[in-house]
Each structure stands twice: as structure tokens, then as C-alpha cells.
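Notes for the one structure printed next.
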2 protein chains.
Amino acid sequence: MESIASENFIKTLYHFHHVQGKDTKPGSIARELGITSSAATDMARKLSLKKLIQYEKYKALKLTPSGEKMALNILRKHRLWETFLHQVLGLSMHEIHREAELLEHQTSDFLAEKISLYLGNPEKDPHGDPIPNAKGWVNNDDGSIPLAMAHVNHHYFISRLSGSDKEFFDFCHSSHLIIGSLIRVNKHYTINQMIEIEVNNTRLILNKVFAQMIHVKREKE
Amino acid sequence: MESIASENFIKTLYHFHHVQGKDTKPGSIARELGITSSAATDMARKLSLKKLIQYEKYKALKLTPSGEKMALNILRKHRLWETFLHQVLGLSMHEIHREAELLEHQTSDFLAEKISLYLGNPEKDPHGDPIPNAKGWVNNDDGSIPLAMAHVNHHYFISRLSGSDKEFFDFCHSSHLIIGSLIRVNKHYTINQMIEIEVNNTRLILNKVFAQMIHVKREKE
DNA sequence: AAACAAATTTAAGTATACTTAAAATAAAAA
DNA sequence: TTTTTATTTTAAGTATACTTAAATTTGTTT
Ligand SMILES: [Mn+2]
Ligand SMILES: [Mn+2]
Ligand SMILES: [Mn+2]
Ligand SMILES: [Mn+2]
């Protein structure tokens, strides 16, 4: 069994690699986890001895197959908890991540199965992120793109809301931007990188930060 | 925020003092938690600096008021989780303690309230143990006694089953010994400390270990 | 290509939570 | 009461997960 610190490190590395496609060195993980670079380097060397990551000085970190398996196991628990807390206990979108971030480390595979079963083996969490299955398989590429990349005059539906703070979700909720909402892209403002969309017959102007957090998918399929 | 090790220590001390009425020195806690006496002495001194326990060399340990408050906060989370895991997710009696023992340390007061609310603010957990309320109040003395202490020819109902292993609960279940079951005490065997009871028109002979784990209450009230 | 800036690594040190082994003390037995 | 036994404490040491500060390496700019 790995420590909470190790699990968070591995999960963050997975996230940077698979979701953001970043070239991840210890410094990025350190920034994300709120620790110093030296602590992250230390941890990288330790996890490398356990064959969970590949580590070469000054090079980007990479998960080994067993490290990736571990990351997916934790991610599964994280997303199952988020789904459960939201659907069953009624926690809000901005509350679930915070709680799941802790619970994910104290959840046996046995308990994870019980939660999954109770929820009917869901495939997406409340943010629209895919839940890895018990064998550690997940499809990360569902064809959605950040709203910031969407084309003018095309229609999309919202597939993911990848934020964790209250303000973002308050804004989304009050603007009818929820998963499944249909939108149309009106215009990109190149100078300040804002984007104008139409949702529910209302025009809305979003800044780039939010337009990166909202992911959309073409209407087809 | 206290560490998992501190929380388990405090909770164990509370348990020994309030439930078993023991004169608790570091050694007992060490035995319970599977650590060495020296580790427990260390921890006792550290918690004493934080004013969570009273510690004097070679004397029994005692929780301070703030230590007791902390113990009750963790105990509340433990028992809420047990109730939730049993009632909602359908985990068996022998599975809930194991999982709750971990989850209790990663549960915010906020989440505990949500769980409590969802369950209808229960007052007892599946073992029949009282759940401290959000303010940290609990009634530990519900008038129940270990079956081993019960009087011959009296009728009782089962109020608590304080075990955590599968064999005990399998036995209880197959013998119709569940919380609320009505029983009658037939005889005490002084020589081997067995006890004979009648439940569901069946005579049953229990050894002392089980008779200590099963708590009963007089029919009245 | 050299100089500068930024990031990473190493070195040294801290707090927590343990361990084993020895010393001190308390409790029980003779 | 003395001796023996059991328990508790102290001492010394380990692993984890961090810290700050200095050294090294890399990336960028001139
Ligand atoms: Mn986490
Ligand atoms: Mn999520
Ligand atoms: Mn615990
Ligand atoms: Mn219980």
C-alpha cells in the first residue's frame, strides 16, 4: 500500500500527462501539490525505485505501466466518490472534489465496487470526466474540445466542466451552462481571447480561463 | 488537524476509559493499535503537550476535555460511516468497522452532517452503539449489560453486538441473535463460564467471550 | 558562444511515527 | 521484606515527507 503523498503524486503525474499533455518535471507537480521542487524530486526518486515512474535527472517524468495502473485505481475512486457525493448526498459541484481528494486514499477496492454498483456502474462523474473501470481501463478521449477551441457558427453540447471552485460553478449554473446544454459559438475576440456564445437564446461572453474549463462536443453521434 | 495516528490513539483511549472502564496506560493502547509500548509512550507525551491528554509517568492516561471532544468527533464519524455503509451500501456487519476505521479520519464535519442528515440523524449505529451528536454529546450508558452478567429467568432484548469479525456475526445471524431479539437466560455454568439462553424457542449455549460481546437490556421501558 | 535567468538537483536539517534494546520503575510472588 | 516478574520509560536509530539554502544543469537571450 502506498502513502497518501505517493498517491497524490502519481495521480497528478497521470493528470498532467493524459489530460494536459504536459512535459512534466518535478517542479510542475510540486506547484500543483503545494510542496517544494526538492520534495518532488525526492519523491520522484523514491517512486522510481518502486518502479512506479521512470525518472532520469532533468528529464520529464513518466509513469510505468504499474504506476499508470495505480493512478487509474485512485482516479476511479476519486470519481466514484464525486459521483456518489453529488448524486446521493447532494453535495454541490464545488464541494465534491475537496472531499473526494481525501476519501480516495482510504477506499478499498471492495468499497469502490460497492459504490459503483450502487450508482449503477456510472461511466462519467459529475464533471463529465470518465470513470476508469475496475480493471483500470478508461477512454480519456471522448472527442470533446475546450470551448476556447470551438468553431464559430458551429453547435456543440457541453460535455465537461473541469473546475473545482464555487465561483466557476455558480457562474455556469446561473448561465445555464450544465453538462448536456446546447450552445452555439458566435465569435472569437482575438485581441483579448474572449468568446461569445449563445445558450438558451441568451448571448454570453466568456473569458479564456472559463472557455478552457468548459469542454464541448459536436452535436453528431 | 491531527494525524491519523493521533486520532486512533485518542479514540482508543476514549474507548478504554468509557466503554471498558479500564485504567489505561500506554501499553494497553499499544497492544490495541499494534504498535510498541515505547511508541505509545512517545505519542502520549506528544498529545500531552497539545493538551489533549493528561500524562504523568507510570500513571494512567486521561483525556482532557478537548481530547474527549476530539474523540467524540471521530467516534461520531466512525459510527455514521458504519451506519451508512450498512444501510445504504449494504455492507455486512463484519465489513463496516474495517472501512469506517479508515474513512473516519478523512471526513470533514461538513460531510459528516450530510451523512447524518441523509440517514435521518440516527442515534445508534448497526452495532447498537450510540452516535455522538454534532456537538459531541453522547449517552454511553443506555442501561444495557453484557449477556454474561444477565440474571437467570429474566427476559432481555439484545441491545448491542460489539464485535467486528465475521465468525461472531455469522454465529449471531444464524442463531437469530440480532439487535432487538428477545431472549431468556436459562442458566449460568459457573465451572466453564458458559451461559444458556433461549431465543426463538431454541436453547443456546454461549461461551464467555461471546456473552461479553452481546449486550442486553431489560424488557421494560 | 558567452552570459544570464530559470529550473532542477543535492545537501543538510526538521517533525512525525514508528522500531529495538537497555534502564528504571511498579506490581506480584516468595 | 526481599526477590522476581511485568510494565513503562528512556535512548538510539530508521523511514517518510517535508523544509531551506547552495550547487548544478538547462534554457534563453544577447
Ligand atoms: Mn488526494
Ligand atoms: Mn471529477
Ligand atoms: Mn481509525
Ligand atoms: Mn460500531
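Letters go in sequence order (proteins before strands), and every chain restarts at 1.
Closest to the side chain of B:Ser3, from the set C:dT16, D:dC18, C:dT8, is C:dT16. Which of C:dT9, C:dT20, D:dC18 sits closest to the side chain of A:Ser38 comes down to C:dT9. Comparing D:dT9, D:dT16, C:dT10 against the side chain of A:Lys57 picks out C:dT10 as the nearest. Checked against D:dT19, D:dT16, C:dA17, the side chain of B:Ser6 finds its nearest nucleotide in C:dA17. Here the nucleotide nearest the side chain of A:Thr36, chosen from D:dT20, C:dT9, D:dC18, is D:dT20. Distance from the side chain of B:Ile35 is smallest to C:dT19 among C:dT19, C:dT8, C:dA11.
A straight line from CD of A:Glu2 to P of D:dA17 spans 8 Å, rounded to a whole angstrom. Counting to the nearest Å, the P atom of D:dA6 and the NZ atom of B:Lys25 are 15 Å from each other. Per the geometry, CD1 belonging to B:Ile4 stands 21 Å off P belonging to C:dA15, to the nearest Å. Here the C1' atom of nucleotide D:dA17 and the CZ atom of A:Arg45 are 14 Å apart, to the nearest Å. As rounded to whole Å, 11 Å separates atom P of C:dA17 from atom CZ of B:Phe9. We find that CG of B:Asp23 is positioned 20 Å from P of D:dA6, with the value rounded to whole Å. The CE-P distance, from B:Met43 to C:dT16, rounds to 9 Å in whole Å. The distance between atom CG of B:Leu47 and atom C1' of C:dT16, rounded to the nearest whole Å, is 12 Å.
At a cut-off of 3.5 Å, with distance as the only test, a side-chain donor of B:Glu95 or B:Ser92 sits close to an acceptor on the other residue. Under the 3.5 Å distance criterion, with hydrogens and angles disregarded, a donor-acceptor pair is assigned to the side chains of A:Asn121 and A:Ser116. When only modelled atom types and interatomic distance are considered, A:Asn207 and A:Tyr189 share no side-chain donor-acceptor pair under 3.5 Å. Defined by atom type and a distance below 3.5 Å, a donor-acceptor pair is present between the side-chain atoms of A:Ser108 and B:Glu99. Side-chain contact annotation: A:Asn73 with A:Lys69, donor-acceptor N/O pair under 3.5 Å absent.
Contact annotation for A:Ala5: backbone-only contact, meaning every heavy-atom pair under 4.0 Å involves sugar-phosphate atoms and none involves a base. Residue A:Tyr55 is in sugar-phosphate contact alone, with no base atom involved, counting any heavy-atom pair closer than 4.0 Å across all strands shown.
Look at B:Glu32 and B:Lys11 and you find no salt bridge, because none of the NZ, NE, NH1 or NH2 atoms lies under 4.0 Å from a carboxylate O.
Taking the six-membered ring for Trp and the full ring otherwise, the centers of A:Phe9 and A:Phe16 sit at least 6.0 Å from each other.
Near DNA chain C, meaning a heavy atom under 4.0 Å away, there are no residues from residues 97-108 of chain B.
Comparing A:Asp42 and B:Ser28 by the nucleotide of DNA chain D whose heavy atom lies nearest to each, the residue mapping closer to the 5' end is B:Ser28.
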